[in-house]
Amino acid sequence: MKIISKYFMFILAFMLSMGSCKKDYLEREPTFIVDNEQLWQDQKLINGLLASFYDRIPTDMGLNDQGGSQWRNMANYDDAMWSGGSNEEWRNNIVNYGRGSWGMYDYFYIRDLNLSIENVDTFGSKTLTDAERAQLKAEFRFIRAYIYFEMVKRMGGVPLVVNQLLYDFKGDPTYLRQPRAKEAEVYDFIASELDAIKNDIGNNVSKSRANKYTCMALKSRAMLYAGSIAKYNALLTPNVVTPGGEVGIPALRANEYFQKSLDAAREVMAGPYSLYKSNPILGENFYEAVVKKTNNTEVIFARDFLTSKSKKHFFSYENIARGIREDNLSSSSIVPSLNLVENYDYLDGSNGALKTRNVANTDYIYYDKTTDIFANKDARLYGTVIYPGAPFKGLTVDMQAGVMVWNATTNSYQTVESPDLGGNYTDGKLLVAASGPNRSIQEVSNTGFYLRKYVDANDGTSTRGIQSDVWWIWFRLGEIYLNAAEAAFELGQTNTALPLVNSLRERAGFPANSLNASTLTIDKIRNERRNELAFEDHRLWDLKRWRQADKVWNGNVNNPDTRVYALYPYRVIRPGDSTRDGKYVFVKIVAPKFGAPRFFQIFNYYAGFGQDIINNNPLIVQNPFN
């Protein structure tokens with residue numbers, strides 16, 4: 001399905017809003033207005049309307065065609081920080097979240113969808129068959145359910161408006177006001193809508209149009225959220241609820257929602273999808289599972305970017321590793337954290353903390369190559385992050401922060417760094433690599449890592465003249481496996497959860513059945529989500545629904561989870577010592593330019609309603625602690 005431009009979307013919305021306008025005094029038909037009847041008689045306009053609705057689905061952390069305003073969120077509240085230019089590092093490394101953070105209250109979108117759902121039958125019968133009208137209405141309703149999910153996960157219960165609200169022009173619009181529905185009622189509406197439309201929506205083969213499996217993927221995710229909130233909000237102190245249920249889901253309903261999530265996931269897993277396993281190089285395989293468009297059996301639903309320049313994006317341009325960028329403008333904006341890198345375990349099952357010091361902590365561990373420290377790690381690390389010495393775009397991303405020069409007199413190392421990327425030390429060898437890391441330079445990694453996931457590996461994608469069409473994944477089978485595993489485990493069905501988690505781990509290089517019934521825990525499943533779904537817009541929402549965000553990001557400087565950590569490689573200069581000279585050592589530090597510890601407070605679990613919303617509708621109950 002073709003995606004129309006933002007300009008056309010605006011014109012189309014204007015056309016719809018002006019559909020009932022009268023002729024001017026000259027009785028001339030305006031050439032820029034299409035009324036409802038005209039629109040529904042033109043298949044191209046109908047397709048364009050549908051495309052515009054898909055195009056408006058938010059990608060809160062992801063790719064978009066207008067620049068980096070949204071993907072900066074990856075740095076704000078995922079396992080990363082901002083190392084981009086324009087002196088924005090401090091502003092974009094958000095550490096203290098506001099009362100309105102992550103809010104969404106888009107009833108313009110809901111109004112447009114409600115109008116179109118009703119107009120399908122009112123005006124479309126002359127153009128569309130019964131089956132076509134049923135499918136079109138189902139797609140509109142799917143998008144509406146998706147938007148209600150996006151609002152309820154941010155705001156809690158919101159008004160459930162499912163028909164046009166028509167003003168009678170009698171001077172008093174207050175009858176149009178509606179109170180917030182209960183949080184549980186919104187989730188129940190989403191589930192019932194998706195069940196109602198799944199058989200009408202058809203089996204679209206396009207990844208950018210919804211089908212019945214997409215409906216069940218959304219249901220699986222939404223019901224998992226509802227189940228988690230029901231279970232864990234009751235355990236939160238202080239409890240985040242409102243007397244009318246606008247916030248808070250009864251704990252007794254947790255298992256009901258978990259079961260619905262599991263059942264929906266099973267429907268998806270019974271469909272035409274399978275885990276992507278086309279590349280025998282496991283790290284590359286995981287990268288391809290997200291970015292590859294042809295013959296990708298894993299992706300269920302995605303925002304695609306077509307080959308036309310107007311629909312491509314600058315994500316790769318602004319996040320390519322510094323040393324391999326193709327011009328002198330932009331790079332290195334979102335840089336993954338050492339925290340994430342160490343969350344990926346070694347394939348023998350041992351903890352993923354990187355080994356930088358000997359057991360007695362009396363000396364460094366010396367490595368022949370910068371890549372050696374990452375050997376035998378979960379392959380998803382390679383598919384997600386570019387670490388020092390890793391290849392990308394057919395090139396090696398060399399990283400070296402400086403040199404460690406041995407001083408025999410003091411029996412210690414002197415660290416030498418420089419702001420001159422790619423420059424040499426006095427021995428004629430490299431001092432700081434072209435990709436850093438560096439403590440102060442803009443547009444170079446401050447953490448010692450670069451992003452691989454979603455960055456285009458094809459030639460020419462780093463220049464302004466050639467943008468990228470890598471898509472943004474809304475749903476893929478890897479998530480569905482984890483949804484099912486978590487829901488099953490919460491229901492006490494460990495034997496159902498176990499093979500799902502092990503399947504993902506085996507694809508990442510772990511031995512078959514690396515976990516068993518005694519080693520699979522809820523924390524293990526949560527870690528699998530963090531590793532599998534990094535930078536796919538899940539981390540924040542997972543921490544929120546588990547009611548863990550205020551504990552993980554508690555603002556305490558002594559809590560390592562509140563800080564972004566970095567790994568800096570150094571070349572050793574120690575003449576006469578063949579076991580150390582020319583080797584590489586690594587130093588772990590708090591990432592330079594990262595500010596105060598991240599501080600998520602109780603009121604952040606639900607975004608506050610703006611005063612303008614409450615003024616317009618006094619029936620709106622404000623969220624707790626806002």
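This chain uses plain numbering: 1 for the first residue, then up along the sequence. None of these values were measured; they are calculated from a predicted model.
In this model, no donor atom of one side chain and acceptor atom of the other lie less than 3.5 Å apart for E118 and N114. Side-chain polar atoms of Y232 and Q548 form no donor-acceptor pair below 3.5 angstrom. Side-chain contact check for N211 and T214: at least one donor-acceptor pair (N or O, by modelled atom type) lies under 3.5 Å.
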Carefully, step by step, assess W474 and F142 under the rule ring-ring contact (aromatic ring centres under 6.0 Å, His included). CA-CA 14 Å; W474 276 311; F142 166 80; 8.9 Å; no
In sequence, state the C-alpha distance, the side-chain angles, and the governing distance for Y148 and Y187, and then conclude on ring-ring contact (aromatic ring centres under 6.0 Å, His included). CA-CA 8 Å; Y148 271 115; Y187 280 106; over 10 Å; no
Please lay out, stage by stage, how R177 and N617 fare under the test side-chain hydrogen bond (donor to acceptor under 3.5 Å, both in side chains). CA-CA 6 Å; R177 294 170 176 163; N617 184 3; 4.6 Å; no
Begin with the C-alpha distance, continue with both residues' side-chain angles, and end with the deciding distance and a verdict on side chain to side chain contact (heavy atoms under 4.5 Å, CB included) for L533 and R476. CA-CA 10 Å; L533 302 174; R476 63 180 177 89; 3.7 Å; yes
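Proximity of the aromatic rings of F149 and Y225 is defined here by a centroid distance below 6.0 angstrom, and this criterion is met. The ring of W472 has its center closer than 6.0 angstrom to the ring center of Y454.
Note on K153 versus E150: salt bridge recorded, some NZ/NE/NH1/NH2 to OD/OE distance being below 4.0 Å. Between K292 and E298 there is no salt bridge, since no side-chain nitrogen of the basic residue lies less than 4.0 Å from a carboxylate oxygen of the acidic one. Between R141 and D200, no side-chain nitrogen of the basic residue sits less than 4.0 Å from a carboxylate oxygen of the acidic one, so the salt-bridge criterion is not met. Between E267 and K198 a salt bridge is recorded (basic side-chain N to carboxylate O distance below 4.0 Å). Salt bridge absent: R530 and D542 never bring a charged side-chain N and a carboxylate O closer than 4.0 Å. The pair D188-R253 counts as a salt bridge, with a side-chain nitrogen and a carboxylate oxygen less than 4.0 angstrom apart.
In terms of the side chain to side chain donor-acceptor pair (under 3.5 Å) criterion, residue partners of K453 (sequence neighbours excluded) are, by chain and number, E536. By the side chain to side chain donor-acceptor pair (under 3.5 Å) test, N203 pairs with no residue at all, sequence neighbours left out. In this structure T127 satisfies the side chain to side chain donor-acceptor pair (under 3.5 Å) test with no other residue, sequence neighbours excluded. Taking the salt bridge (charged side-chain N to carboxylate O under 4.0 Å, His left out) definition, one finds that K207 meets it with nothing, sequence neighbours left out. Partners of D121 by side chain to side chain donor-acceptor pair (under 3.5 Å), not counting sequence neighbours, listed by chain and number: R133, K137.
Heavy atoms of other residues, nucleotides or ligands lying less than 6.0 angstrom from CZ of F625 number more than 12.
Under the 3.5 Å distance criterion, the side-chain polar atoms of N296 are matched with a main-chain donor or acceptor of A289. A donor-acceptor pair is defined here as one N or O able to donate and one able to accept, closer than 3.5 Å; such a pair exists between the side chain of Y605 and the backbone of A549. The backbone N or O of K277 lies less than 3.5 Å from no partner atom in the side chain of R507, so there is not a single donor-acceptor pair.
In plain terms, the two heavy atoms of A302 and V299 that are nearest each other are CB-CG1, 4.1 Å. The heavy-atom pair separating D304 from S208 by the smallest distance is CB-CB, 4.4 Å.
The ring pair (Phe, Tyr, Trp, His ring centres under 6.0 Å) analysis of residues 249-275, with sequence neighbours excluded, yields the pairs Y213-Y273.
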